[in-house]
Amino acid sequence: MKNATTAQLITLVTVLHLAAVIVFYSKQKIKSASGAYNVIDYIEVSDEGILKAPKTYEVINHIEGSDEIILTAPFRIVQIGPPRTGSTFQFQLLDAIVSLKSPDDVEIETVFVRPREWDVEEIRGKIANNTSFVIKTHFEHRSLKRLQKRGDIAVFASSTDVAPYAVYNQDRKRLEECTLCEIDRYQPLFGLTNEEVKSLKLHMDLYSSLRQCCGEQMSKYETLRLNGCDVSMYMDRSDYPKCEDKDLEKIELQFAASPIPFKPNNPEINWSKPGDCDRFNKVIASGRGFNGRDVSSCEIDGKFAGKKEYKKKRKLETVPPSDSEDTSEDTAVLTSVTSAIKRKTNRLMAPPWLSKYIQFHRSSIEEGRIKEGIRYVVYECTGEELCGGIGDRVIGMVKALYFAMCTDRVLLINAPYPVPLETILNPNLMEWNASFSENTTAIFDDMAYGKRISSRLDLVGYRLGRTNGHHSYRLSDILKSEAMRLHFESNGWSKFFDSESMFVARAFHDAFWALFNFDQNVLLRAEEMKLGSGLPQSNLPGNEVLPYVGLHHRGGDRTMFTVKKGVKAPRMSSRFVKSKETLSCYNTVKYLLFPRDGVVPAAAYVASDNADSKKMMREMDSTIHFHDEMQIFHIDWSVREGTVKKDKHNTDSIQQGVIDMMAEIVVLVDSHCLIMSKSMFSFLAYYIRGPDDQCNVSTSHCNEINVLRRSNLFAYESGDKISPELSDKTLRKRFFKARGKLRKKKHYFWK
């Protein structure tokens with residue numbers, strides 16, 4: 001009896017405590033003083049009165065009966081939704097609301113972000129700087145839910161399927177029945193006054209007319225009507241726009257005079273100024289449809305008008321068309337090309353030691369020449385020494401950068417062999433191609449393994465000897481050298497010396513983007529390779545390539561060239577990878593990371609030093625693609641004595657080979673999961689793309705743990721045994737954390 005009384009007392013106390021918690025949370029202000037969006041915890045009670053565990057609803061709700069404004073400046077909003085779900089309407093409405101509710105002197109960033117452009121670090125930087133932004137994206141990124149849960153952003157969705165945790169989910173059917181009624185539902189979320197709602201309705205009514213009746217993304221019904229099709233059967237539908245009854249010229253002028261700012265999105269295919277309706281309508285009436293597709297039928301093909309007949313893609317030009325030409329099609333392609341690589345100009349989150357060195361380097365160059373008296377060191381590849389393949393060359397330049405850093409010298413690069421380095425890589429944050437004294441003739445093998453790193457204070461400038469090969473310092477040797485340790489100590493960075501920031505993968509990544517940007521010709525060629533390989537494409541503007549796996553298969557150096565009679569090939573069998581091993585790893589990635597519903601088909605782009613291996617792999621797995629016209633080219637062996645492919649006088653062929661080689665690295669960098677072999681070629685792609693929050697795995701470490709962990713830290717240079725830079729205990733801990741997230745919700749790698 002006593003025990004029963006005690007149990008009842010404990011139950012009563014528990015109920016009272018939880019009731020107090022409910023009252024406490026119901027009185028909390030949802031918006032904090034700092035402008036962040038907070039998450040509210042609720043206590044659930046079942047119909048039987050049994051108390052359930054607290055549950056966090058990852059949405060931001062308006063408290064009924066409260067005058068509390070939930071969302072105020074600075075606004076940090078992400079709009080997400082599949083195409084043709086009213087996502088553009090919601091995006092423009094949110095942009096209009098933010099413009100209306102923000103102070104006049106506040107600049108608002110509005111941008112459409114493609115899947116491969118998503119950069120969570122950039123988003124965090126905007127949040128830290130209290131920047132107001134409205135971002136539109138078609139794909140759910142796995143960081144969105146986490147950022148909203150932390151109160152950093154507010155997510156709005158145009159579909160209930162894509163992000164159930166969103167602040168507000170737009171209903172497509174309800175939107176079609178009454179477009180302007182949708183605005184009323186945003187009033188409590190932003191604290192809109194009745195006058196503001198009235199202004200927004202007028203603004204969005206005009207916008208909806210222009211969106212549906214003008215541009216290459218107009219209503220599918222209007223597209224058919226302008227192409228002479230009978231649309232009478234569709235006129236009773238709720239989403240029929242009735243463009244034929246509207247005075248579009250008047251609507252254009254009224255919208256242009258709206259007090260709410262409007263930022264045109266992709267004016268090549270969408271309305272941006274008065275007069276565009278007439279221009280676009282003439283284009284559509286000539287037989288064009290959604291995003292310039294041919295309309296060869298009066299049928300409705302899914303979400304689009306007519307049957308989709310893609311034009312044969314023209315060979316990409318290396319020079320953008322002039323302003324006087326019709327650039328609508330080319331501009332869409334070029335936009336896709338420039339987004340193919342995460343451009344790091346002005347976006348590199350450089351650690352303090354690299355940031356300080358960049359400032360030192362910039363202050364040492366004046367009018368394209370190093371200042372008098374500034375000490376410098378020159379990395380060279382002029383043809384008089386063995387520079388190695390492209391991976392060996394780039395890692396040699398990265399090693400030279402850190403060597404120059406710890407010896408307080410400016411790094412200059414002189415690499416004209418076999419073509420100028422600027423053909424494929426341009427200076428980014430440092431002018432490494434500045435000119436220097438012709439009297440700089442001294443050469444020292446300061447990269448030779450076992451040699452003490454010296455500052456050579458008696459010399460203003462000198463040239464480095466060979467930086468690659470087994471007899472040279474590895475990058476890890478320089479990063480952990482006594483000279484680097486002293487450099488860190490003298491600048492107060494000792495606590496970072498043994499941190500993960502100084503691991504090879506991160507140090508290489510940071511150094512590359514501080515030094516280089518890919519040349520536009522390389523990016524254009526990379527896009528041409530992706531399109532020409534047959535990788536699956538989306539129906540989004542620009543027909544971008546869908547997520548794919550980047551594969552590199554190593555056949556060994558001897559497969560890159562045909563050796564002349566009597567000239568023996570070097571032994572490279574230690575770096576040979578069996579085709580079955582590469583295919584097995586790809587199958588593991590496919591099984592773990594691609595959905596089995598076929599919405600995003602599994603696909604891979606394979607780069608290899610063996611043409612026969614590529615063909616065999618494609619025969620074994622039809623989801624593997626490669627560019628048939630891509631010639632296997634090794635930047636070192638292709639111009640070396642003793643090979644049939646040596647042709648030092650055919651400069652055009654060599655230049656194209658170098659561009660193709662670097663473009664294929666870009667294709668690997670741009671993949672959504674990279675599988676590396678025992679080659680600096682594939683590890684160069686790995687280092688450039690970065691090890692963090694990326695799906696990277698090597699063929700020799702390809703298992704469920706490493707694939708699902710995504711962020712794998714490797715340290716590799718030519719001839720090494722591939723090994724991780726973290727202990728097995730740490731790696732296992734990170735794996736179980738990643739697997740737990742995947743089990744809660746199926747997060748595929750492109751999210």
Side-chain angles (χ1 to χ4, degrees), residues 351-354 356-358 360-361 364 370 373-382 384-388 391-415 430 432 436-437 439-499 501-508 510-512 514-515 680 687 715-721 723 725:
W353 48 93
L354 186 55
K356 184 175 181 179
Y357 183 77
I358 292 171
F360 162 63
H361 199 285
S364 303
I370 191 163
I374 298 293
R375 297 191 307 128
Y376 62 92
V377 64
V378 184
Y379 168 93
E380 283 196 315
C381 180
T382 61
E384 298 174 0
E385 63 284 304
L386 297 178
C387 305
D392 292 327
R393 296 184 188 208
V394 176
I395 197 171
M397 298 172 201
V398 169
K399 287 193 285 187
L401 172 67
Y402 284 106
F403 175 88
M405 181 187 295
C406 65
T407 57
D408 296 319
R409 288 182 177 272
V410 170
L411 172 65
L412 301 176
I413 298 175
N414 177 34
M430 289 179 275
W432 43 258
F436 55 93
S437 174
N439 296 325
T440 308
T441 57
I443 301 177
F444 294 97
D445 288 324
D446 282 351
M447 287 287 190
Y449 186 79
K451 196 168 186 177
R452 180 175 173 270
I453 296 179
S454 171
S455 297
R456 297 193 181 277
L457 299 176
D458 56 324
L459 286 175
V460 174
Y462 69 97
R463 303 170 191 261
L464 275 175
R466 186 171 179 177
T467 60
N468 67 309
H470 299 295
H471 300 291
S472 300
Y473 273 123
R474 293 163 47 84
L475 177 56
S476 57
D477 295 330
I478 298 174
L479 294 174
K480 295 301 179 183
S481 66
E482 181 66 13
M484 186 64 76
R485 186 185 65 79
L486 293 173
H487 178 69
F488 269 53
E489 284 183 357
S490 63
N491 287 278
W493 303 322
S494 297
K495 63 180 180 179
F496 297 108
F497 186 69
D498 293 318
S499 69
S501 299
M502 290 295 285
F503 281 7
V504 169
R506 292 198 176 100
F508 193 119
D510 292 341
F512 178 88
L515 287 168
M680 269 307 298
Y687 290 140
Y716 178 84
E717 292 185 38
S718 294
D720 285 354
K721 180 180 178 181
S723 59
E725 287 194 275

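Bear in mind the structure is a predicted one, so any value in this text is a computation, not a measurement. Positions are given from 1, in the same order as the sequence printed here.
One distance of note links OG of S472 with CG of D392; it measures 10.0 Å at 0.5 Å rounding. For the atom pair R485 CZ and S494 OG, the distance stands at 8.0 Å (nearest 0.5 Å). Expressed to the nearest 0.5 Å, how far CG of D477 lies from OH of Y449 amounts to 5.5 Å. Once rounded to the nearest 0.5 Å, the distance linking OH of Y402 with CE of M397 reads 15.5 Å.
The minimum heavy-atom distance linking A400 with Y379 is given by the pair CB-CB, 4.2 Å. Taking every heavy atom of both residues into account, T467 and G396 meet most closely at OG1-CA, 3.5 Å. Closest of all the heavy-atom pairs between I478 and M484 is O-CB, 3.5 Å. Between L479 and F497 the shortest heavy-atom distance is O-CE1, 3.4 Å. Minimum heavy-atom separation, K399 to N468: NZ-CA, 4.3 Å. Nearest heavy-atom pair, L354 versus M405, reported as atom, atom and distance to 0.1 Å: CD1-CE, 4.0 Å.
Looking at F488 and M502, their side chains come closer than 4.5 Å, going by heavy atoms from C-beta outward. In this structure, the side chains of L401 and M430 come closer than 4.5 Å at one or more pairs of heavy atoms.
A side-chain contact (heavy atoms from CB on, under 4.5 Å) with F403 holds for exactly one of D446, V398, L475; it is D446.
No side-chain donor-acceptor contact under 3.5 Å links R466 to the backbone of D445. S455 places no side-chain N or O within 3.5 Å of a backbone atom of L457 that could act as its donor or acceptor partner. Using modelled atom types, no side-chain atom of Y473 and backbone atom of I453 make a donor-acceptor pair closer than 3.5 Å.
The aromatic rings of F436 and Y376 sit tilted, their planes meeting at an angle between 30° and 60°.
Residues passing the side-chain contact (heavy atoms from CB on, under 4.5 Å) test with S501, sequence neighbours excluded: W353, S499. For A404, the side-chain contact (heavy atoms from CB on, under 4.5 Å) partners two or more places apart in sequence, or in a different chain, are Y357, V377, R409, L411. For the ring-ring contact (aromatic ring centres under 6.0 Å, His included) test, residues two or more places apart in sequence or in another chain that qualify with F508 are Y687. Contacts of S364 classified as side-chain contact (heavy atoms from CB on, under 4.5 Å), with partners at least two apart in sequence or in another chain: F360, I374, V410. Residues passing the side-chain contact (heavy atoms from CB on, under 4.5 Å) test with N491 are K356, H487, W493, sequence neighbours excluded. Under the rule for a salt bridge (Lys or Arg N to Asp or Glu O under 4.0 Å), R375 has no partner lying at least two apart in sequence or in another chain.
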